[in-house]
Amino acid sequence: TELKVKEKALTILKPLTSNKDKPMEGDDVELSCQFSRKPKTIEVFKDGKPVDLDRDLNELNATFTIRLPKTKPTDKGKYTVVADGVETSY
């Protein structure tokens, strides 16, 4: 026999939020969220469509950050992060 340990389901500790409430054109904006553990998969969507943005996962505290440098009006939209099937939006 062997010991089998089931991994805890991933949960969201802090939902996706912005570092700026009302960004102005040209501002650098960061959207971040924190998970209960490091996710195996992370996908980012803008208005329901997959996007490839500058992003970073802090492995120590499982905080995920999306960077939107020098924002423009076209950056407006609903951003969603899906990690191991769990989602959070801003």
Side-chain angles (χ1 to χ4, degrees):
T1 58
E2 73 181 56
L3 175 68
K4 291 185 177 154
V5 179
K6 190 172 182 203
E7 191 172 52
K8 274 185 169 179
L10 180 119
T11 58
I12 296 165
L13 298 181
K14 289 186 187 160
L16 195 63
T17 55
S18 173
N19 66 337
K20 291 198 165 56
D21 276 347
K22 295 179 180 156
M24 299 294 288
E25 187 172 356
D27 283 354
D28 293 337
V29 175
E30 288 189 353
L31 304 177
S32 61
C33 56
Q34 185 177 16
F35 302 107
S36 56
R37 62 169 169 77
K38 180 185 166 198
K40 291 182 185 71
T41 61
I42 299 180
E43 297 172 286
V44 179
F45 300 88
K46 178 185 169 203
D47 296 330
K49 296 183 178 84
V51 285
D52 187 24
L53 299 167
D54 181 17
R55 55 201 226 171
D56 178 59
L57 177 66
N58 180 321
E59 304 217 0
L60 295 176
N61 64 10
T63 297
F64 180 70
T65 305
I66 303 165
R67 290 184 188 82
L68 302 167
K70 296 183 180 60
T71 54
K72 21 189 195 317
T74 54
D75 290 323
K76 178 183 171 200
K78 178 180 177 182
Y79 289 83
T80 303
V81 174
V82 180
D84 294 357
V86 177
E87 72 176 57
T88 177
S89 298
Y90 180 85

If only atom types and distance count, is the side chain of K20 paired as donor or acceptor with the main-chain N or O of D28 below 3.5 Å? yes
Check for me, please, whether V82 and V51 land in the same ILVMFWY cluster - side-chain distances under 4.5 Å, paths through other members count. no
Evaluation steps, side chain to side chain contact (heavy atoms under 4.5 Å, CB included), between V86 and F35: CA-CA 10 Å; V86 177; F35 302 107; 5.6 Å; no
Using the side chain to side chain donor-acceptor pair (under 3.5 Å) criterion, which residues pair with E25? Sequence neighbours excluded. none
Nearest heavy-atom contact between P39 and L57 is CD-CD2, 4.0 Å
Roughly how far apart are D54 CG and E30 CD, rounded to 0.5 Å? 9.0 Å
Name all residues meeting the side chain to side chain donor-acceptor pair (under 3.5 Å) criterion together with T71; count only those two or more places apart in sequence or in a different chain, and write none if there are none. none
Steps toward side chain to side chain contact (heavy atoms under 4.5 Å, CB included) verdict (R37, D84): CA-CA 11 Å; R37 62 169 169 77; D84 294 357; 3.1 Å; yes
State yes or no: do L16 and F45 share one hydrophobic cluster built from I, L, V, M, F, W and Y residues joined by side-chain heavy-atom distances below 4.5 Å, directly or via other members? no
Crowding at NZ, K14 (>12 non-hydrogen neighbours, <6.0 Å): no
Atom NZ of K38: over 12 foreign heavy atoms under 6.0 Å: no
Is I42 linked to L13 within one hydrophobic cluster, defined over Ile, Leu, Val, Met, Phe, Trp and Tyr using a side-chain heavy-atom separation of less than 4.5 Å? no
Looking at CG of L68 and OH of Y79, how far apart are the two atoms once the value is rounded to the nearest 0.5 Å? 4.5 Å
Looking only at heavy atoms, what is the nearest atom pair of T65 and S32, with distance? OG1-CB, 3.7 Å
Between D21 and Y90, what is the shortest heavy-atom contact and its length? O-OH, 4.3 Å
Group every Ile, Leu, Val, Met, Phe, Trp and Tyr by side-chain heavy-atom contacts under 4.5 Å, then state whether F64 and V29 land in the same group. yes
Donor-acceptor check, side chain of D47 to backbone of G77, threshold 3.5 angstrom: yes or no? no
If I compare all heavy atoms of I12 with all of E87, which pair ends up nearest, and what's the gap? CD1-O, 3.4 Å
Closest approach of R55 and R67, non-hydrogen atoms and distance? C-NH1, 4.2 Å
Would you name the heavy atoms of K46 and D75 that are closest together and state the gap between them? CE-O, 3.7 Å
